[in-house]
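Take a look at the structure below.
Each chain gets a letter, A, B and so on, in the order its sequence line appears, and its residues count up from 1. Just so it is clear, the structure is predicted and the values come from calculations on it, not from any experiment.
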There are 2 protein chains.
Amino acid sequence: MIEKNTEEKIVQAAEKVFIEKGLAGARMQEIADEAGINKALLHYYYRSKEKLFEVVFKLAFKSFVPNLVKAFDGPEDFFTKIERFVETYLNLIEKNPHIPIFIINELSKNPNRLVSLISYLNIDIQPIFDVIEEEIEKKTIKQIEPQELIINILSLCVFPIVAKPMVQTILFKGYESEYNALMKKRKSSIAQFVISAIKN
Amino acid sequence: MIEKNTEEKIVQAAEKVFIEKGLAGARMQEIADEAGINKALLHYYYRSKEKLFEVVFKLAFKSFVPNLVKAFDGPEDFFTKIERFVETYLNLIEKNPHIPIFIINELSKNPNRLVSLISYLNIDIQPIFDVIEEEIEKKTIKQIEPQELIINILSLCVFPIVAKPMVQTILFKGYESEYNALMKKRKSSIAQFVISAIKN
DNA sequence: GTCTATAAGGTGATAGAC
DNA sequence: GTCTATCACCTTATAGAC
């Protein structure tokens with residue numbers, strides 16, 4: 001195990017606590033404990049709770065959203081792209097299952113956080129729109145708004161994860177193993193569902 | 001305007017503040033102000049913040065989840081049921097757009113809240129499973145796990161609402177009018193998408 | 001039932017020694 | 001850079017008058 005410097009330890013501890021508890025529920029004391037230091041040092045490196053939160057939020061956002069655009073790059077056939085995207089994205093979410101709800105919730109409480117991030121990351125989804133519209137013109141898929149197709153794919157990937165407690169309890173009588181089994185199947189079945197829906 | 005009694009005023013104020021700020025972010029003082037009373041009275045009627053929150057959470061949950069089951073009742077043709085369900089549910093969400101993220105987020109922070117609710121509301125989704133399996137047997141729709149079909153429909157309805165800030169900013173360059181236009185279209189297009197995906 | 005006042009303990013942030 | 005001690009304020013909850 002490599003010895004991390006203090007700044008790294010703080011960010012890592014802050015990620016854990018903020019993502020688990022949210023901005024309002026997190027405590028600077030808990031972050032300090034998690035990092036194995038004291039509160040004063042937190043304020044020495046990051047001036048305030050809000051500033052430290054912004055660092056964590058930006059990291060979480062960066063790890064999820066821009067990859068989305070990249071996954072639609074590549075030379076494959078359109079349907080293969082969808083298959084690959086779903087699998088890649090579900091694997092990413094599987095490794096960090098609490099990040100989507102963290103981002104969604106903090107943005108719903110303060111949508112302004114996006115403004116600075118968007119210009120900073122300069123996400124450009126026009127290429128994805130172009131690819132979809134091209135397929136529509138080629139008549140390989142049915143008429144659909146590019147935005148709507150993207151929303152549909154994302155919905156099917158993200159919602160079952162963020163709503164896991166409800167899905168598992170209500171649809172699977174609380175059995176996590178059955179929930180997990182379906183989530184594993186979905187790595188391929190989501191793409192099949194989408195392709196069936198749009199194929200001409 | 002009918003004069004409400006104190007208990008009603010408190011619950012209504014608590015709903016507003018808790019749903020907007022979440023359990024951790026809400027303040028008893030703000031709820032008291034919103035209700036036009038003082039903090040002491042809050043504790044007189046509901047012993048603690050947690051107890052008051054439980055009342056609000058139960059109300060929010062009750063207003064959303066059980067209706068879901070009822071919407072799949074009725075004599076119509078299966079595809080019409082899906083159409084009617086999506087439209088009904090989207091109208092419900094449109095009127096209370098912050099409740100889904102509230103429920104999802106508070107459950108992700110404390111999944112135990114579900115346990116008491118489930119037995120209390122005794123939600124039985126078996127009838128929906130039966131309807132779906134019947135359609136599969138009749139070969140009107142493709143083979144699919146009933147749970148997965150339900151998840152897919154719910155995902156398409158709920159996700160775009162809870163992720164509104166992101167969807168609006170990234171997919172619609174921030175224009176709320178374009179976001180709203182698509183959401184309006186989705187009252188029918190979600191069902192069409194699902195039906196295309198499963199139809200035999 | 002409703003209020004004012006206050007207790008009791010947290011919470012973010014800083015001062016100052018080392 | 002890192003620590004202890006402490007400030008100033010906030011927050012839930014209760015006591016007690018009316």
Please enumerate all protein N or O atoms sitting under 3.5 Å from an N or O of nucleotides 9-11 of chain D, with distances to 0.1 Å.
from, atom 1, to, atom 2, distance (Å)
D:dT11, OP1, B:Arg27, NE, 2.6

List in chain and number order the residues that pass salt bridge (charged side-chain N to carboxylate O under 4.0 Å, His left out) with B:Glu137, two or more places apart in sequence or in another chain; answer none if no residue qualifies.
-> none
Kindly state each residue pair satisfying salt bridge (Lys or Arg N to Asp or Glu O under 4.0 Å) with at least one member in residues 139-168 of chain A, sequence neighbours excluded.
-> A:Glu145-B:Lys185, A:Glu148-B:Arg186, A:Lys164-A:Glu176
Quick note, salt bridge (Lys or Arg N to Asp or Glu O under 4.0 Å) partners involving residues 85-98 of chain A, not counting sequence neighbours, are A:Glu94-A:Lys187
Nearest-nucleotide 5' precedence on DNA chain C, B:Glu7 against B:Ala40 = B:Glu7
Got a sec, which pairs hit ring-ring contact (aromatic ring centres under 6.0 Å, His included) with one end in residues 148-188 of chain A, sequence neighbours left out?
-> none
Carboxylate-amine/guanidinium proximity below 4.0 Å for A:Lys16 and A:Glu34 | yes
Do the ring planes of B:Phe18 and B:Phe53 sit parallel (below 30°), tilted (30 to 60°) or perpendicular (above 60°)?
-> perpendicular
With distance as the sole criterion, is a donor-acceptor pair present between the side chains of A:Asp77 and A:Thr80 under 3.5 Å?
-> yes
With distance as the sole criterion, is a donor-acceptor pair present between the side chains of B:Glu106 and B:Asn110 under 3.5 Å?
-> no
Along DNA chain C, 5' to 3', what are the outermost nucleotides having an atom less than 4.0 Å from a heavy atom of chain A?
-> C:dT11 to C:dA15
